[in-house]
Amino acid sequence: MNNSSAHSTIKLALALSSLLTLAACETHSPPLTGPVRPAEAQIEYKGTEVSADGLTVEYDSRVDILFIIDDSRSMKNHQKNLSQNIHRFVESIAKVGAIDFHIGYTVSHDSTRYGSVVPRTCPDGKVNWEDPGALRPLKGPEELLPKDGRRFVTNQDDFKVILQQSLDPEINTDLVKDLVDPDPAKPEICASGPELEEFFTPLLGSITDQNLMATTNKNFRREGAFFVAVIVSDAKDASGITPESVALQIAKATGSSERGRQKFRVFSVAFPPGMEIGTATRLHNSCKPDPAFKNPSIDVNGKAISSWPQRHVIGPDENPLAVLASLTEDENSDSGGQVLSICSNNYGESLAKFGTQIRQDALRDLTLELPRRWEITADPNKDLKVKLGEVELIEETLNNQDVAQWRRNEGDVSVTIYGQKINWEQYPGAKIQISYTPALDSKPTTLPYNKDN
């Protein structure tokens with residue numbers, strides 16, 4: 001990550017830290033020591049059933065994925081590339097059947113034209129645009145499309161076929177809009193298409209517009225599920241919202257202040273920092289940047305300087321789409337980052353890496369804080385055990401780290417579950433169960449076990 005992006009990340013981390021502090025102040029955790037509660041007494045602990053001898057928790061592997069696609073005319077080839085490789089992205093996620101995913105797509109918005117120059121609906125009934133963030137209709141064979149009319153696919157659908165056809169501009173012609181203004185001489189022509197493409201507006205609308213979430217996007221966004229946005233564009237964002245502000249709003253909407261865990265991630269398929277636009281344009285005629293980017297072949301008066309664009313390297317903060325993606329990186333991010341060049345020769349492979357990253361997010365390592373410390377004794381019947389359903393999981397030791405499925409943490413107050421080392425498909429519907437004997441105030445937890453006690 002470059003220095004500028006790192007600086008932005010630090011600012012975001014500080015802002016998120018303030019959210020975490022507020023959340024911590026509002027949390028009233030149960031005591032870690034004290035008398036054993038009666039067996040029949042139970043308390044609510046962060047949505048988890050807790051009793052005197054342990055707890056049961058349902059591992060949450062839900063992930064909601066939103067593609068925000070630039071639908072301007074210059075994007076047609078890029079949309080085709082996306083549709084031809086979308087199967088590699090989704091296969092990386094779906095290869096683990098335990099992941100419960102929702103995948104939908106929306107398109108760019110233009111607040112300056114939509115609703116003023118561009119009507120919502122043309123005289124012929126064609127819909128030009130919808131509210132920013134509204135999921136767009138799925139395409140594909142009628143027998144494969146969801147019967148309930150929803151605009152997103154799940155792991156229960158024929159998702160690869162539906163997504164491939166929905167994102168193919170040859171099949172889904174609504175994905176490509178020309179920049180057209182009204183013509184009094186030709187009233188049959190309806191104004192259409194964005195000029196200043198906005199991506200942050202629809203991204204935020206999809207997770208904050210309560211009316212939209214209750215109607216067009218109903219059931220897509222699930223409270224508590226990990227949220228992923230993938231922005232695909234050859235332009236910049238023109239919403240006027242800073243990437244830092246967007247990241248903070250997503251954090252708030254996804255509850256990322258809860259217990260310090262980031263519950264969202266943003267990827268961008270765009271013109272990345274460090275890319276030479278002139279070189280890219282010359283070598284890849286179909287991969288030209290949007291006019292929003294600086295064009296070094298044109299002088300300040302609009303006069304061409306040369307027949308080929310001059311060399312221009314995109315700056316670290318020049319493309320807000322790349323900045324937002326870098327802000328959501330964390331210690332678990334892929335070493336290649338979360339920005340894919342829209343001109344990449346390894347487009348499909350990079351999309352698959354995005355999918356792998358999302359799979360890791362969905363099956364993340366889960367640290368469970370216990371309401372009280374466990375009693376450290378030599379009695380095997382009182383020792384801490386972690387099960388998935390009726391199957392006891394493998395505790396980490398010095399000799400089995402490759403196959404270990406969980407570990408004890410220092411302080412005797414939490415355990416960490418290794419999500420990707422558990423065969424979830426083998427135990428459908430099973431919950432993680434933790435059993436242990438809580439420590440007593442009346443005696444130290446380090447006393448050796450005595451059967452007469």
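Heavy-atom basis, side chains included; hydrogens, waters and symmetry copies ignored. Throughout, numbering of the chain's residues begins at 1 and tracks the sequence.
Ser111 and Glu198 share a side-chain donor-acceptor pair at under 3.5 Å. In this structure, a donor-acceptor pair under 3.5 Å is absent between the side chains of Gln249 and Thr208. With no hydrogens or angles considered, no side-chain donor-acceptor pair links Ser61 and Asp100 at under 3.5 Å. A donor and an acceptor atom, one from each side chain of Glu130 and Thr216, are nowhere located under 3.5 Å apart. In this structure, a donor-acceptor pair under 3.5 Å is present between the side chains of Asp110 and Thr112. No hydrogens or angles considered: nothing links the side chains of Asp365 and Thr416 as a donor-acceptor pair under 3.5 Å.
Under the 4.5 Å side-chain criterion, counting only non-hydrogen atoms from C-beta, Cys190 is not in contact with Lys126. Counting only heavy atoms from C-beta outward, the side chains of Val269 and Leu82 never approach each other to under 4.5 Å. Residues Leu321 and Ser233 have side chains in contact (heavy-atom distance under 4.5 Å, counting atoms from C-beta outward). Annotation: side chain of Thr328 is not in contact with side chain of Phe267 (no heavy-atom distance under 4.5 Å). Using a 4.5 Å cut-off on side-chain heavy atoms (C-beta onward), Pro194 and Arg113 make no contact. Between Arg150 and Phe220 there is no side-chain heavy-atom pair separated by less than 4.5 Å. In this structure the side chain of Thr154 never reaches within 4.5 angstrom of the side chain of Phe159, judged on heavy atoms. Looking at heavy atoms from C-beta onward, Asn128 lies out of side-chain contact with Arg120 at the 4.5 angstrom threshold.
Minimum interatomic distance between Lys236 and Pro320 (heavy atoms only, all atoms of both residues): CB-CD, 4.0 Å. Residues Trp129 and His109 approach most closely at CE3-CE1, 3.9 Å, considering heavy atoms. For the residue pair Phe226 and Arg221, the shortest heavy atom distance occurs at O-NH1, 4.1 Å. In terms of heavy atoms, Leu135 sits closest to Leu66 at CD2-CD1, 3.5 Å. Minimum interatomic distance between Cys343 and Phe271 (heavy atoms only, all atoms of both residues): SG-CE2, 3.7 Å. Annotation for Ile231 and Val266: closest pair CD1-CG1, 4.3 Å, computed over non-hydrogen atoms.
Of the possible polar contacts, one joining the Gln405 side chain to the Lys421 backbone as a donor-acceptor pair under 3.5 Å is found. For Asn217 (side chain) and Leu212 (main-chain N/O), no donor-acceptor pair under 3.5 Å exists by modelled atom type. Checking side-chain atoms of Asp237 against main-chain N and O of Phe199 turns up a donor-acceptor pair under 3.5 Å. Asp64 places no side-chain N or O within 3.5 Å of a backbone atom of Ala225 that could act as its donor or acceptor partner. Side-chain atoms of Ser268 never come within 3.5 Å of backbone atoms of Ala270 as a donor-acceptor pair (strictly under, hydrogens ignored). Counting only distance, with no hydrogens or angles, the side chain of Asp183 and the backbone of Ala185 share a donor-acceptor pair below 3.5 Å.
Residue Lys147 places its NZ atom among more than 12 non-hydrogen atoms of other residues, nucleotides or ligands, all under 6.0 Å distant. The neighbour count for Lys160 NZ, taken as heavy atoms of other residues, nucleotides or ligands under 6.0 Å away, does not exceed 12. Around CD of Glu188, the count of heavy atoms belonging to other residues, nucleotides or ligands within 6.0 Å exceeds 12. Lys80 NZ: more than 12 foreign heavy atoms inside a 6.0 Å radius.
In this structure, Lys76 pairs ionically with Glu170, as a charged nitrogen and a carboxylate oxygen lie closer than 4.0 Å. A salt bridge does not link Asp168 to Lys139: none of the charged nitrogens lies less than 4.0 Å from a carboxylate oxygen. A salt bridge is absent between Arg136 and Asp174: the closest approach of a Lys/Arg side-chain nitrogen to an acidic carboxylate oxygen does not fall below 4.0 angstrom. Of the charged side-chain nitrogens involved, none lies within less than 4.0 Å of a carboxylate oxygen, so that Arg364 and Asp60 do not count as a salt-bridged pair.
Once rounded to the nearest 0.5 Å, the distance linking CD1 of Ile434 with OG of Ser414 reads 9.5 Å. Distance check: Leu175 CG to Ser72 OG gives 11.0 Å after rounding to the nearest 0.5 Å.
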ring-ring contact (aromatic ring centres under 6.0 Å, His included), that's the test. Do Phe67 and Phe89 meet it? Break it down for me. CA-CA 12 Å; Phe67 281 83; Phe89 169 85; 5.3 Å; yes
Show the numbers, then the answer: is there a side chain to side chain contact (heavy atoms under 4.5 Å, CB included) between Asp148 and Asn219? CA-CA 11 Å; Asp148 56 5; Asn219 297 326; over 6 Å; no
